[in-house]
Amino acid sequence: MRRFGCLGVVVLAALVAIAAWGVHDWGGPGPASKNLTVSVQPGATLAKTAEQLQKIGAIRSAGRFTLLAKLLGGGEGIKAGEYRIPAHLSQSDILKLLQGGRTLQRFVMIPEGWPSILAQERIMAAPELTGSIDVPAEGSLLPDSYSYDREATRQSIVDRMQQAMDAYLAAAWAKRAPGLVVHTPREALILASIVEKETGKPSERAMVAAVYSNRLKKGMMLQADPTIIYPITKGKPLGRRILKSEIEAKNGYNTYAMTGLPVGPIANPGRASIDAVLHPADSQALYFVADGSGGHVFADTLEQHNANVAKWRAYRAEHGI
């Protein structure tokens with residue numbers, strides 16, 4: 001009996017040791033020496049996923065991982081998706097990652113004021129996307145950062161950008177100020193694209209919107225330089241001074257040769273520029289010119305504007321601009 005008792009103690013001690021080793025192995029550092037990526041397909045079993053993890057070197061043993069996951073993992077299922085596994089991540093944390101669905105996020109970002117031709121180039125260059133796209137309709141994309149999964153289609157990214165623009169424009173239009181010079185969401189989008197291209201200072205957007213709104217009300221030409229450039233480059237930087245012939249060109253966009261709005265947007269405006277057009281500053285200003293600080297100075301009269309232009313020219317001469 002004494003021998004059986006001793007044997008029981010030995011077996012119990014062995015079981016405790018094995019359990020302690022299993023817990024340590026489960027929560028200890030994993031074998032991966034660098035960050036790894038694994039894709040879990042829809043419907044994939046824990047055992048099948050464990051084989052993938054072993055193959056890429058994230059775990060040492062698929063069988064042991066599967067067993068410990070069942071014993072210590074809480075019983076929650078794993079979720080499909082692409083995951084980034086940091087170096088030396090424990091088996092326990094790998095399972096939590098797969099159960100939590102914290103998939104690897106890739107992003108494509110379209111800056112405010114980019115024309116659609118540049119947006120198309122960026123989306124085409126984004127890694128791990130599939131398919132090709134044409135240049136989207138100008139002004140149809142809402143500038144922002146958009147996440148995507150590996151092997152998503154480029155068209156699906158464009159669709160989301162366009163849906164986001166439609167939704168934001170509709171919501172902003174519903175909250176517009178009364179008495180605006182723009183009468184449709186489309187007109188607001190066109191004017192917002194000009195505001196976006198004319199100033200990079202957020203604090204100026206409402207004032208620039210006010211200037212152009214006031215000009216439209218008075219039947220004055222908008223005379224926005226970006227509208228000259230757009231039909232030449234489709235919104236890409238011109239890279240040189242505007243020619244006199246281009247200032248005089250009649251093409252549906254050039255607001256130096258026509259009154260009213262261009263026939264379409266000249267860029268993809270961001271939320272703030274849309275809001276500025278729908279809530280312009282309370283101002284009688286009709287003119288603005290650069291002030292040398294990255295911003296602009298505004299004027300209600302031509303006399304004031306001419307004085308501001310003279311100051312700007314003197315500044316350019318002094319600084320060799």
Side-chain angles (χ1 to χ4, degrees), residues 35 37 39 81-84 102-172 185-186 188-202 204-205 208-209 224-240 242 246 251-254 261-277 294:
N35 294 343
T37 301
S39 293
E82 185 180 12
Y83 296 87
R84 173 160 290 170
R102 296 191 296 275
T103 56
L104 175 64
Q105 295 290 298
R106 293 183 171 85
F107 292 90
V108 58
M109 191 272 285
I110 304 302
E112 295 175 340
W114 260 28
S116 287
I117 191 169
L118 289 181
Q120 186 252 6
E121 290 175 359
R122 173 161 289 184
I123 296 169
M124 286 300 299
E128 308 295 350
L129 286 172
T130 62
S132 61
I133 55 169
D134 296 327
V135 177
E138 197 66 74
S140 68
L141 311 176
L142 185 66
D144 208 336
S145 292
Y146 294 83
S147 65
Y148 64 90
D149 294 326
R150 185 179 184 180
E151 296 187 355
T153 66
R154 291 182 171 85
Q155 187 58 52
S156 70
I157 303 297
V158 171
D159 291 344
R160 287 168 55 203
M161 293 177 175
Q162 292 178 329
Q163 290 163 6
M165 175 60 88
D166 290 344
Y168 190 82
L169 184 59
R186 171 73 174 176
L189 186 67
I190 294 171
L191 186 54
S193 73
I194 297 174
V195 171
E196 189 73 72
K197 297 298 289 185
E198 282 285 25
T199 181
K201 294 187 71 172
E204 288 189 344
R205 288 189 177 108
V208 173
D225 288 1
T227 65
I228 301 174
I229 297 170
Y230 182 77
I232 303 170
T233 67
K234 295 302 180 185
K236 288 186 176 183
L238 184 59
R240 57 170 173 78
I242 298 171
E246 293 165 344
N251 50 43
Y253 285 95
N254 180 13
L261 291 168
V263 296
I266 60 170
N268 291 285
R271 296 173 178 86
S273 290
I274 293 172
D275 291 344
V277 166

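The residues of the chain are indexed from 1 along the displayed sequence. The structure displayed is predicted, hence computed values, not measured ones.
Residues satisfying the side chain to side chain donor-acceptor pair (under 3.5 Å) test with Thr37, not counting sequence neighbours, are none.
When atom types are taken as modelled, the side chain of Arg154 and the backbone of Gln120 share no donor-acceptor pair closer than 3.5 angstrom. Thr130 places a side-chain N or O within 3.5 Å of a backbone atom of Ala152 that can act as its donor or acceptor partner.
Within the 4.5 Å cutoff, the side chain of Met161 has no heavy atoms near those of the Asp159 side chain. For the pair Ile133 and Gln155, the minimum side-chain heavy-atom distance is below 4.5 Å. For the pair Leu189 and Met165, the minimum side-chain heavy-atom distance is below 4.5 Å.
Here the straight-line distance linking atom OH of Tyr83 with atom CG of Leu104 works out to 11.0 Å at 0.5 Å rounding. Atom NZ of Lys234 sits about 5.5 Å away from atom OH of Tyr253, to the nearest 0.5 Å. We find the CZ-OH distance between Phe107 and Tyr148 to be 10.0 Å, quoted to the nearest 0.5 Å. With rounding to the nearest 0.5 Å, the separation of CZ in Arg240 from CD1 in Ile242 is 8.5 Å. Atom-to-atom distance recorded for Ser156:OG and Gln163:CD is 10.0 Å, nearest 0.5 angstrom. To the nearest 0.5 Å, atoms CZ (Arg106) and CD1 (Ile157) are separated by 11.5 Å.
Counting all heavy atoms, side chain and backbone alike, Leu129 lies closest to Ile123 at CD1-O, 3.9 Å. For Tyr146 against Ala164, the heavy-atom pair with the smallest separation is OH-CB, 3.6 Å. Considering every non-hydrogen atom in both Ala137 and Gln162, the closest pair reads N-NE2, 4.4 Å. Across all non-hydrogen atoms, the minimal contact from Met109 to Ser145 is CG-OG, 3.0 Å. Nearest heavy atom pair, residue Ala209 against residue Ala276, reads CB-O, 3.4 Å. The two residues Ala224 and Ile194 have their closest heavy-atom pair at CB-CG2, 3.7 Å.
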For residues 266-275, dump all side-chain donor-acceptor pairs below 3.5 Å to protein atoms at least two apart in sequence or in another chain.
residue : atom : partner : partner atom : Å
Asn268  : OD1  : Gly139  : N            : 3.0
Asn268  : OD1  : Ser140  : N            : 3.2
Asn268  : OD1  : Leu141  : N            : 3.0
Asn268  : ND2  : Trp114  : O            : 3.0
Asn268  : ND2  : Ser116  : OG           : 3.2
Asn268  : ND2  : Glu138  : OE2          : 3.4
Arg271  : NH1  : Asp144  : OD2          : 3.3
Arg271  : NH2  : Asp144  : OD2          : 2.9
Ser273  : OG   : Glu196  : OE1          : 2.9
Ser273  : OG   : Arg205  : NE           : 3.3
Asp275  : OD1  : Tyr168  : OH           : 3.0
Asp275  : OD2  : Tyr168  : OH           : 2.8

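Pairs passing the salt bridge (Lys or Arg N to Asp or Glu O under 4.0 Å) check and including a residue from residues 118-132, sequence neighbours excluded, read Glu121-Lys236, Glu128-Arg150.
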